[in-house]
K.L.:
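Pasting a structure below so you can have a look.
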Amino acid sequence: QDVDVTKQVDAIIDNTVRKMASEIQSKFNVKSIRKLKLLGGGAYPTYNAWKQQFPPIELSNESQFVNSEIFDMIAKSV
């Protein structure tokens, strides 16, 4: 039998993002943010939770693979 854990996973993501956003807000002046890009392997599944915390946030194009592209550029420059 299939079990749908979507609600539980969403609650975990929301809670985790809220904690991370709180930490970010305590260290940076986030009220001055006009543009913010979300990238990396977890960007797509966590985007909505981040959008609730930081409305100006945008999902980066190719968000799932941009880290590897950045690492590749760095490796080629060394």
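None of these values were measured; they are calculated from a predicted model. The figures that follow rest on heavy atoms only: side chains count, while hydrogens, waters and symmetry mates do not.
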K.L.:
Specify the closest pair of heavy atoms between Pro45 and Gly42, including all atoms of both residues, with the distance to one decimal.
P.N.:
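Distance-wise, the nearest heavy atoms are CD-O, 3.3 Å.
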K.L.:
Rounded to the nearest 0.5 Å, what separation is found between the CH2 atom of Trp50 and the CG atom of Asp14?
P.N.:
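Those atoms lie 11.5 Å apart.
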K.L.:
Hey, are the side chains of Gln52 and Tyr47 touching, using non-hydrogen atoms and a 4.5 Å cut-off?
P.N.:
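The answer is no, as the side chains (C-beta and beyond) never meet within the 4.5 Å cut-off.
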K.L.:
Hey, are the side chains of Lys37 and Ile57 touching, using non-hydrogen atoms and a 4.5 Å cut-off?
P.N.:
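No, too far: nothing below the 4.5 Å cut-off.
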K.L.:
Minimum heavy-atom separation for Pro56 and Ile33, please, with both atom names.
P.N.:
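Looking at all heavy atoms of both residues, the closest pair is CG-O, 3.9 Å.
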K.L.:
Is there a continuous path of hydrophobic side-chain contacts, each under 4.5 Å between heavy atoms, that joins Leu59 to Leu36?
P.N.:
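Result: yes, single cluster for both.
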K.L.:
Under 4.5 Å between side-chain heavy atoms, hopping through other hydrophobics if needed: is there a path connecting Val78 to Phe71?
P.N.:
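Result: no, two separate clusters.
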K.L.:
Thinking salt bridges, do Lys27 and Glu23 make one under a 4.0 Å N-O criterion?
P.N.:
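Salt bridge present between Lys27 and Glu23.
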K.L.:
Would you say that more than 12 heavy atoms from the other residues, nucleotides or ligands in this model lie under 6.0 Å from the CG of Asp72, or not?
P.N.:
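Buried by this count: over 12 neighbours within 6.0 Å.
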K.L.:
Taking C-beta and beyond as the side chain, do Thr16 and Thr46 meet within less than 4.5 Å on heavy atoms?
P.N.:
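The answer is no, as the side chains (C-beta and beyond) never meet within the 4.5 Å cut-off.
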K.L.:
For Phe54, which of Leu38, Val17, Val30 qualifies under side chain to side chain contact (heavy atoms under 4.5 Å, CB included)?
P.N.:
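With Phe54 as partner, Leu38, Val17, Val30 yield a single side chain to side chain contact (heavy atoms under 4.5 Å, CB included), made by Val30.
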K.L.:
Between OG1 of Thr6 and CD1 of Ile13, what distance do you get to the nearest 0.5 Å?
P.N.:
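Nearest 0.5 Å value for the OG1-CD1 distance: 10.0 Å.
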K.L.:
What about Phe65 and Met73, same hydrophobic cluster or not, with Ile/Leu/Val/Met/Phe/Trp/Tyr joined at side-chain heavy-atom distances under 4.5 Å?
P.N.:
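No; tracing contacts between hydrophobic side chains, which count when under 4.5 Å, never links both residues.
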K.L.:
Which atoms form the tightest heavy-atom contact between Gln53 and Gln25, and what is the distance?
P.N.:
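For Gln53 and Gln25, the tightest heavy-atom pair comes out as O-NE2, 4.1 Å.
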K.L.:
May I ask whether Tyr44 and Ile70 are part of the same hydrophobic cluster, defined by side-chain heavy atoms of I, L, V, M, F, W, Y residues being less than 4.5 angstrom apart, directly or through others?
P.N.:
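No, it is not one cluster - the side chains of Tyr44 and Ile70 are not joined through contacts under 4.5 Å.
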